[in-house]
Protein chains: 4
Amino acid sequence: MKKEKLTRREREKLRQRQEILAAALDLFSEKGYHNVSMHEIAGKAEFAIGTLYKFFQNKEDLYKALVLEKCDTFEKVMVQAIEASDDEVEKLRNYVMTKGERFRSNLPFVRLFLAESKGASFNIKAGLDEELRKRMYGFLERLASIFESGIKNKRFKPISSPYSLAVALDSVLDAFLLLWLDAPERHPYPEDPDTILDIFFKGLIES
Amino acid sequence: MKKEKLTRREREKLRQRQEILAAALDLFSEKGYHNVSMHEIAGKAEFAIGTLYKFFQNKEDLYKALVLEKCDTFEKVMVQAIEASDDEVEKLRNYVMTKGERFRSNLPFVRLFLAESKGASFNIKAGLDEELRKRMYGFLERLASIFESGIKNKRFKPISSPYSLAVALDSVLDAFLLLWLDAPERHPYPEDPDTILDIFFKGLIES
Amino acid sequence: MKKEKLTRREREKLRQRQEILAAALDLFSEKGYHNVSMHEIAGKAEFAIGTLYKFFQNKEDLYKALVLEKCDTFEKVMVQAIEASDDEVEKLRNYVMTKGERFRSNLPFVRLFLAESKGASFNIKAGLDEELRKRMYGFLERLASIFESGIKNKRFKPISSPYSLAVALDSVLDAFLLLWLDAPERHPYPEDPDTILDIFFKGLIES
Amino acid sequence: MKKEKLTRREREKLRQRQEILAAALDLFSEKGYHNVSMHEIAGKAEFAIGTLYKFFQNKEDLYKALVLEKCDTFEKVMVQAIEASDDEVEKLRNYVMTKGERFRSNLPFVRLFLAESKGASFNIKAGLDEELRKRMYGFLERLASIFESGIKNKRFKPISSPYSLAVALDSVLDAFLLLWLDAPERHPYPEDPDTILDIFFKGLIES
DNA sequence: GATGAATGAGGTTTCATTCAT
DNA sequence: AATGAATGAAACCTCATTCAT
């Protein structure tokens, strides 16, 4: 389905959908699912309330669509980042940099993302959690395979659990980003990815 | 305020308060702040609705009290853990072990804790976040000072940012605990604290 | 206005109108006025919503037109039935038979008709009721005049209130048809009109 | 459960329930289920909207309770009427009189009753119809058994279908009452029950 | 002091109707 | 002339909170 094949009408609809989702993202990320009313979203998006229900069956549906679509885009960018080089260390550097950039330019999304992926999400009765975790596990396995191949290629020391390493790296990134989100000046996100990677690269214990 | 000074009446009130908080913890951790009604809490605690409002000004207040008190206890236990030994490595080991034990025996609290500390908390209009983060930063500094003293005592290599290391260690622990929470069998929490600490102790790069 | 004078355009419009009414009849009779939306009718009739409003001012108008037109046809057939013979008993027989046939082959209409004529119709703010009752009274008078003429012609015993008799006969027919509608197998509508008429023809009391 | 055993609180609740039902009956019978809002009922009953939902789960539930309870009372009175005498003709006379009186003093109920029992009720998704028809069939059988016993006791001529006779008598009563409801002056309900019964008692055909 | 009945603001959602294309 | 996207009033219902008993 090429872009050119979309009729004007279809393009218009798509644009409206994006506007609704953008308004919803702003509000949800600022106040949380339960503190935002459909009226508020409609108001911010400058549509009548009924119009929202033409695009989304209900509030839950709108929220799910928002989170899933944003995560989709985010995941794709992350996958691209780790596939941009053949060198394992370079893959990790790219990942750290790209995640940082991406987060810092998508603040509203980040708040939602962390709320959904770390914090227990009580917003939606079922399904979103599982879907998101499934994706996260998938991505962690990609990350783990970088460590594996790095070990095979003798770039890294042999390590028993590459998956744990992936979990660790990812969580550390999120932690730094969360700190930065909370107080950007006090906790600047490092320009140089090695600042973070060195935590893993350089052993702490004096030998 | 010594225990002996509490009248029977006062002790009774304290016990009732605990019962309310216990019921609230169960419900909030299972369904989330917005999906639990004051009626439900009253029902589970076997008090009348009005009684809840004798103890807490409103729903928000009850929630705040619950989270803060639980965090208090938790923090005290963690501080004890890292003060139980004089050796820096032993302090870290104790921390990893104790946090794991504590989490695994306090599931309902953990869900709330993670929702509040990682996920952006949208439950409460203001205040809880800040209070909790302040405490968390305080604790992270304690952790950081372990690394500092370890470096001074030549137990650890010199590292530029002990605080970052503290953040990293803590976030990695939480990540493992979150995985374990989601699928305990697939992601067992390691018996031996060194399994986690080695991520930081042993450098990854082949030299 | 003769048929020949209708232009192709006019004939087309009339056909469309009928299609809308047919779709509306199906839906209204199945779910009731308030449980059918204009969208549903438009969908079933395969017209755009706007088109419905070209033919009918609003939902109420559409409903009124539907009921009145159907009743018109029905009334005409009933009048024909009682005028098909000169003999009073035969008139009544024809009436009983024709009403039965007509009902059984127009189920959707019957449900609406009974809802409107027996049940108090709360669908329409005003007007339909009165119009329908006026017609019903007119028809009952026709029926009454059969009894009158039967009495004058000595086919029937003298009876003080032929109108009451008309009411009675009509209501009994409806009652049997309602039973049949509810459970056709348990309450078959009699093939022989005399089964019903005998209730009136043969006195019940032993003399 | 004796009346005396009701606590003051319970009696109060019962009274309130009755007030809500009374307000609802007035409104429903005047405007129909779908044209009455819960707010309206609350306003007329002089309760807050929330209070209505303490007594009834939802609007449907309130309506069902209303119709069923009213029908219960009505049925009991009717059964008493036909059991007040041993003589079959007297039973029928009592029935005709009592139904007339009852209807004429319970106009709002009658409108609802006829709407539900004759007109197809589209108000309630399911259940009310069936429940009411079941009761109506039960009552018609009681009526039929009067004709049966009358035939056995030689008070009535032998008739093949006493059930049909019951249906006929009942529907004729309803028809007269409906006429009276529509235009009391034009269609007075007969004082003397025999006016109606004679339709069945005296054969129409001259022999 | 404890209770829980009563309140009503405010949430989500539907649907008859309009009007620009 | 026909369309159907957009509108927004108004429906049902929940639940935090109060206060008379």
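Letters A, B, ... mirror the listed sequences (proteins, then strands); counts begin at 1.
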Got a sec, which residues hit salt bridge (charged side-chain N to carboxylate O under 4.0 Å, His left out) with C/Lys31, two or more places apart in sequence or on another chain? C/Glu40
Which value, rounded to the nearest 0.5 Å, describes the distance between B/Leu25 atom CG and B/Leu112 atom CG? 5.5 Å
Could you write nucleotides 11-18 of chain E as a row of B, S and -, 5' to 3', where a protein heavy atom under 4.0 Å of any base atom gives B, of only sugar-phosphate atoms gives S, and otherwise -? SBBB-SBB
A quick test of your reading: do over 12 heavy atoms of other residues, nucleotides or ligands sit less than 6.0 Å from CD of D/Glu69? yes
Do B/Arg15 and B/Glu19 meet the salt-bridge criterion of a basic N to acidic O distance under 4.0 Å? yes
With side chains defined as the heavy atoms from C-beta onward, is the minimum distance between A/Glu131 and A/Val67 less than 4.5 Å? no
What is the distance, to the nearest angstrom, from the CG atom on B/Leu52 to the P atom on E/dG1? 16 Å
Taking the side chain from C/Tyr33 and the backbone from C/Glu60, do they hold a donor-acceptor pair closer than 3.5 Å? yes
What distance do B/Ile49 atom CD1 and B/Ser37 atom OG have between them, rounded to the nearest 0.5 Å? 7.0 Å
Spacing of A/Arg9 atom CZ relative to F/dG4 atom P, expressed in whole Å: 8 Å
Nearest atoms (heavy-atom pairs only) where C/Ala42 meets C/Ala48: CB-C, 4.2 Å
Separation of atom CD in D/Glu12 from atom C1' in F/dT21, rounded to whole Å: 12 Å
Take B/Lys13 and D/Lys13, find for each the nucleotide of DNA chain E with the closest heavy atom, and name the residue whose nucleotide sits nearer the 5' end. B/Lys13
With both pairing distances under 3.5 angstrom for Watson-Crick or G-U wobble, and | for a partner in another strand, the correct string for DNA chain E is .||||||||||||||||||||
Once you round it to whole Å, what is the distance between C1' of F/dC15 and NZ of B/Lys31? 13 Å
Can you tell me the distance, in whole Å, between the CD atom of B/Gln16 and the P atom of E/dT3? 8 Å
